[in-house]
Amino acid sequence: MRWTKQLIPTLREVPQEAEIPSHQLMLRAGLIRKLGGGLYTFLPLAFRALKKVEKIVREEMERAGALEILMPALHPREIWERSGRYEVLRDVMFNIKDRQDRPMVLGPTHEEIVTDLVSREIKSYRQLPVNLYQIQTKFRDEIRPRFGLMRAKEFIMKDAYSFDVGWDEADASYKAMYEAYERIFKRCGLRTKVVEADTGAMGGNWSHEFMVLADAGEDGIVECDQCSYAANLERAESRPGGASDFDEAALPCETVPTPGRRTVQEVAAFFQSPPARLIKTLIYMADKKPVAVLVPGDRDVNEIKLKRALKARELALATDEAIEQATGAPVGFAGPVGLQIPMIADLRLKGCKGAIAGANQNDAHRIHVDLERDAKVEDYADLILSREGDGCPRCDGSLHEKRGIEVGHVFKLGTKYSELLGANYLDVDGKQKPAVMGCYGIGVTRTLQSTIEQSHDDNGIVWPISVAPYQVEILVLNMQHEESVRIAEQLIKDLEARGVDVLLDDRDERPGVKFKDADLLGLPVRVNIGERGLAKGVIEIKVRKSPDLQTAPIAEASKAVLGCVDELWKDVAIS
RNA sequence: CGGGGCGUAGCGCAGCCUGGUAGCGCGUCUGCCUUGGGCGCAGAAGGUCAGGAGUUCAAUUCUCCUCGCCCCGACCA
């Protein structure tokens, strides 16, 4: 392909809309253009790269035995009401009506649709297992689209759904997908970290996320420095220490005036005591009922864990009025002693003595609190947000925080959807049973951008060879020089005959412009053909990711380039 | 939805405070020149100053409203 016949609108300056490197580079290298917030057009180069990612995904899904289908993007709203997820996902769903005034939604995901299909077509255990996948555009009315393709309102996702006769069989399907994902990301040239994750609105029992480590990542994760434990912060546990006993003697609980001291910091300073000695008491509304949540003063509540522990559908911090009503004191003075609403405490508070807590009256706190002696805590659970330096829950190591971009997520769903939507089969014993499901997503467009986020330098993109829009870029430094052009054309012919995608920069531009744009585009191998080299009988080869410039005799040009290309394929080979 | 910022030529920005109908760099087009890291010279095109209303003799500039975009937060498969 010739540059002058392609559409590659490179930008010299950084568009102000872009914040992170991958987004800036996608705009500058002429890969994408914005139509509106969270809506992007893929220009030819990005489209080529996208197709390569999709091809890898397809090959690995097929290898794992999944069958490709294509489901509608437009769904009757009714099916979502039937599963109960219209309520759960209504905020992210685009609602529309057809001309008959029938309510429709644009699909944010496809569990309902595929389960409906399977419920109609799969009747017998003889037809199982089955794993159906598609590569589809999903629509989500994101509260805040961000970072180009990272969080868009419309994006391409590969989603697969497995149906098995039982739990063990479903585990095998899950494992097969997990392994397929490892291969996919490796082949895309991505280094990913697999973490334990929360299942969120998907429901289900267990899930793993495939994370691309990057500062711009939207998810916090922790990983152990000694074992393989890694988890999304939403789910991460940490090793609880022993019960905290701050009192030598078991002194009776006592109320102390603390005028105007509301925050943990203020109170800790007032008592000249470490924040950890305080019991932080937060009032939440769980399904419209107040509940007190107790955590160590130096820790934050993990609302996802809390929601799970309370088995609540809705959870939010109580309003100031609700707090006053529940505790009888203004915000900042809640405490477990004498509180009349249900209480749940973090595991780390179990058996703690000599603590400081709010007194449930204005401008007062209690000291020498022995939680078990002085309060009625209904339940203890792991409720806090893990953080840097916490102990690993699995070993003696400690946890470290990182940022990650979620590119893949595999879920064990169980029978939630099959029961709801009637995906039952007839087993050997003649009984109707719900199929055991798993679902598996890859954000294809996000994966593409992650590749750039993880592989770029100051000058531009550094494409892995497997997803690069073209594998080789040839620069003819002076298009007026006929010999250069002739040699370039011969080289292109040779390379294309060997299945290599080649882009020729045939613009009548000065060399400097071409070099800059070549670095920006980041195609894996660059070939310089210029009079200076030809005078010595050589062409030059520059591998984008390496600093070295090599030369090859004109007669061996294609062989030398192919050698570089082959070498680069080793980076993304699966073992 | 809350907080902040921005909207002037394709891109990056100045002008606005202190009202008098718009400018710079890059890009684009033409010609010359040049050809190893965003070259040089000469000329040119390109603007409903986001939209609407108001104040004023006069609004890019002041006021109000609306829309869009970006960032932070809440939220998130």
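Just so it is clear: chains get the letters A, B, ... in the order the sequence lines come, proteins before strands, and each one is counted from 1.
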Is any side-chain N or O of A/R510 under 3.5 Å from a base N or O of B/rU34, one able to act as donor and the other as acceptor? yes
Considering the options A/L233, A/L213, A/L399, which one meets the side-chain contact (heavy atoms from CB on, under 4.5 Å) requirement together with A/I221? A/L213
Among the candidates B/rG38, B/rC70, B/rG36, find the nucleotide nearest to the side-chain atoms of A/F515. B/rG36
Options B/rC1, B/rG36, B/rG25, nucleotide nearest the side-chain atoms of A/E13: B/rG25
Round to a whole Å and report the spacing from CG of A/L549 to P of B/rG37. 13 Å
Identify, between A/K138 and A/T10, the residue whose nearest nucleotide on RNA chain B lies closer to the 5' end. A/T10
Rounded distance (Å) that lies between atom P of B/rG10 and atom CD1 of A/I8: 23 Å
Say we look at B/rC16 and B/rA50: how far apart would their P atoms be, to the nearest angstrom? 15 Å
Side-chain atoms of A/R28 come closest, of B/rG12, B/rG38, B/rG36, to B/rG38
Any strand: nucleotide that pairs with B/rA9 via Watson-Crick or wobble, under 3.5 Å: none
Go through the side-chain N and O atoms of A/H110 and A/Q134 and say whether any donor and acceptor fall under 3.5 Å apart. yes
Interatomic distance at C1', B/rU28 relative to B/rA45, whole Å: 9 Å
Gap in Å between the two C1' atoms, one belonging to B/rU60 and one to B/rG47, rounded: 11 Å
Sort out the partner of B/rA42 for me: Watson-Crick or G-U wobble, both distances under 3.5 Å, none otherwise. B/rU30
Any strand counts, and the cut-off is 3.5 Å on both contacts for Watson-Crick or G-U wobble. Which nucleotide pairs with B/rA59? none
Please give the distance between the C1' atoms of B/rU66 and B/rU18 as a whole number of Å. 28 Å
Does B/rC64 have a Watson-Crick or wobble partner in any strand here, with both distances under 3.5 angstrom, and which is it? B/rG52
B/rC76 P sits how many Å from A/R85 CZ, rounded? 14 Å
Decide if atom CZ of A/R33 counts as having more than 12 heavy atoms of other residues, nucleotides or ligands within a radius under 6.0 Å. yes
Looking at CG of A/L520 and CZ of A/R28, how far apart are the two atoms once the value is rounded to the nearest 0.5 Å? 5.0 Å
Could you tell me how far B/rG25 sits from B/rG43 if I compare only their P atoms? Round to whole Å. 13 Å
Distance-only donor-acceptor test (3.5 Å): side chain A/N478, base B/rG36: no
With both distances kept under 3.5 Å, what pairs with B/rG37, Watson-Crick or G-U wobble? none
Can you find a side chain N or O atom of A/R144 that sits less than 4.0 Å from OP1 or OP2 on B/rC72? yes
Between A/G36 and A/R151, which residue's closest nucleotide on RNA chain B lies nearer the 5′ terminus? A/G36
For the CG atom of A/L25 and the CG atom of A/D457, what is their distance to the nearest 0.5 Å? 9.0 Å
So does A/E540 reach the base of B/rG36 with its side chain, donor to acceptor, closer than 3.5 Å? yes
Rounded to the nearest angstrom, tell me the gap between atom CD1 in A/I143 and atom P in B/rA74. 11 Å
Expressed as a whole number of Å, how far does the C1' atom of B/rG54 sit from that of B/rG38? 48 Å
Short side-chain N/O contact to B/rC6 OP1/OP2 from A/Q16, under 4.0 Å: no
Which value, in whole Å, describes the distance between the P atoms of nucleotides B/rG3 and B/rU8? 24 Å
Please work out which of the three classes, parallel, tilted or perpendicular, describes the rings of A/Y440 and A/Y181, given edges at 30° and 60°. perpendicular
Can you see if the side chain of A/R12 gets near the phosphate of B/rG27 - specifically, an N or O under 4.0 Å from OP1 or OP2? yes
Quick one: label A/K514 by what it contacts on the DNA or RNA (base, sugar-phosphate, nothing), any heavy atom closer than 4.0 Å. nothing
Partner of B/rG73 by Watson-Crick or G-U wobble geometry, both contacts under 3.5 Å, or none? B/rC1
Which pairs, with at least one residue in residues 9-30 of chain A and sequence neighbours excluded, count as a ring-ring contact (aromatic ring centres under 6.0 Å, His included)? A/H23-A/Y40
If you measure from the P atom in B/rC6 to the same atom in B/rG15, how many Å do you get, rounded? 12 Å
Nearest-angstrom distance from the residue atom CD of A/E218 to C1' of B/rC72: 13 Å
When all nucleic acid strands are considered with a 4.0 Å heavy-atom cut-off, which category describes A/D91: base, sugar-phosphate, or nothing? nothing
